[in-house]
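Have a look at the structure below before the remarks.
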Amino acid sequence: AAFTIRERTIGIVFFGFCQIVLIVRNSTGLRFGLSLASHCQKKKLLLASIIIALIDFIFIYRFASIVQAGSFALPVLLYGLLLSTSLLAAIGSSILKLLPIINSRMAAAGMICFFCCDILVGLDALLQPGLLWLLANSLIWIFYIPALTLLALSSYRYK
């Protein structure tokens, strides 16, 4: 609703709150899991962290001048940090097997889709109408629907 009435900051704050809830849910036991993790699991988690950081860096570097020109630069950057942390928590939970395997895979896949969706939402806001904007706008829904479905089903008790 906030985006519909052009209140982007309120919308970003709401989605930020949702990411905080997902971080708490997906990172429960993360510290304990890291202490028991194998060397291979730690390497996978480090690789995931590096990949997420690179994606963030590329996005910020490429669009920093456009974001700075807008009045909502700080909320966007803070939300990006929350989104990346949420993605890393879900992937870490899956790598460390903190949830039942099907649940952790669904949470990780859901957060990957959510991450891709939100990058596309950012591109949608930054790009001028044209073919690239239309493509980004259309792909949002290809990622958003599976993201919500996978995240919702990842908390179901299957056994």
Side-chain angles (χ1 to χ4, degrees), residues 1-4 7-60 63 67 72 74-126 134-159:
F3 291 117
T4 304
E7 291 293 334
R8 289 182 176 166
T9 301
I10 294 171
I12 291 168
V13 168
F14 176 74
F15 273 92
F17 175 74
C18 294
Q19 291 305 328
I20 290 170
V21 171
L22 287 169
I23 290 167
V24 170
R25 185 191 90 153
N26 292 329
S27 66
T28 301
L30 196 59
R31 188 179 307 172
F32 179 73
L34 274 172
S35 68
L36 300 176
S38 69
H39 182 67
C40 182
Q41 288 173 316
K42 288 179 182 177
K43 284 173 68 174
K44 287 179 184 177
L45 196 53
L46 178 63
L47 179 62
S49 301
I50 291 169
I51 291 170
I52 293 168
L54 279 172
I55 291 169
D56 288 346
F57 176 77
I58 290 168
F59 195 81
I60 290 170
F63 296 103
V67 171
F72 61 103
L74 184 60
V76 167
L77 292 175
L78 291 175
Y79 179 72
L81 180 64
L82 285 173
L83 180 66
S84 298
T85 303
S86 185
L87 175 61
L88 190 57
I91 291 173
S93 178
S94 181
I95 290 171
L96 299 175
K97 299 174 178 51
L98 300 177
L99 298 171
I101 203 151
I102 186 79
N103 299 74
S104 64
R105 285 182 180 167
M106 287 174 31
M111 275 312 304
I112 289 168
C113 288
F114 209 109
F115 189 80
C116 292
C117 173
D118 278 358
I119 287 175
L120 290 165
V121 167
L123 288 173
D124 175 63
L126 296 173
L134 186 60
L135 183 62
N137 195 289
S138 300
L139 288 174
I140 288 170
W141 298 104
I142 291 175
F143 288 106
Y144 190 63
I145 293 168
L148 293 184
T149 305
L150 288 165
L151 288 171
L153 293 175
S154 70
S155 61
Y156 180 74
R157 293 184 186 199
Y158 289 95
K159 292 186 181 184

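- A donor-acceptor pair is defined here as one N or O able to donate and one able to accept, closer than 3.5 Å; such a pair exists between the side chain of S154 and the backbone of L151.
- Looking only at distances, a side-chain donor or acceptor of N103 sits under 3.5 Å from a matching main-chain atom of Y156.
- Atoms CD1 and CD1, from I140 and I145 in turn, are 11.5 Å apart once rounded to the nearest 0.5 Å.
- Within 6.0 Å of CZ on R105 lie no more than 12 heavy atoms contributed by other residues, nucleotides or ligands.
- Side-chain contact between L98 and S104 is absent, with no heavy atoms from C-beta onward closer than 4.5 Å.
- Note that CG of L96 is 11.5 Å distant from OG of S27, once rounded to the nearest 0.5 Å.
- In this structure, CZ in F17 is found 10.5 Å from CG in L22, a value given to the nearest 0.5 Å.
- The shortest heavy-atom contact between A147 and G110 is CB-O, 3.5 Å.
- S93 places no side-chain N or O within 3.5 Å of a backbone atom of A89 that could act as its donor or acceptor partner.
- Distance alone, capped at 3.5 Å, places no donor-acceptor pair between the S86 side chain and the L82 backbone.
- The structure places CG of L36 at 13.0 Å from NZ of K97, a figure rounded to the nearest 0.5 Å.
- Minimum heavy-atom separation, A37 to K42: O-CE, 3.7 Å.
- Side-chain atoms of S35 come within 3.5 Å of backbone atoms of F32 as a donor-acceptor pair (strictly under, hydrogens ignored).
- Contact detail for L45 and G92: the closest heavy-atom pair is CD1-CA, 3.4 Å.
- L83 contributes atom CG, which lies 5.0 Å from atom CD of Q19 (distance to the nearest 0.5 angstrom).
- Two residues are said to be in side-chain contact when any heavy atoms from C-beta on lie closer than 4.5 Å; I51 and L54 fail this criterion.
- Atom CZ of residue F143 and atom CG of residue L148 lie 13.5 Å apart, to the nearest 0.5 angstrom.
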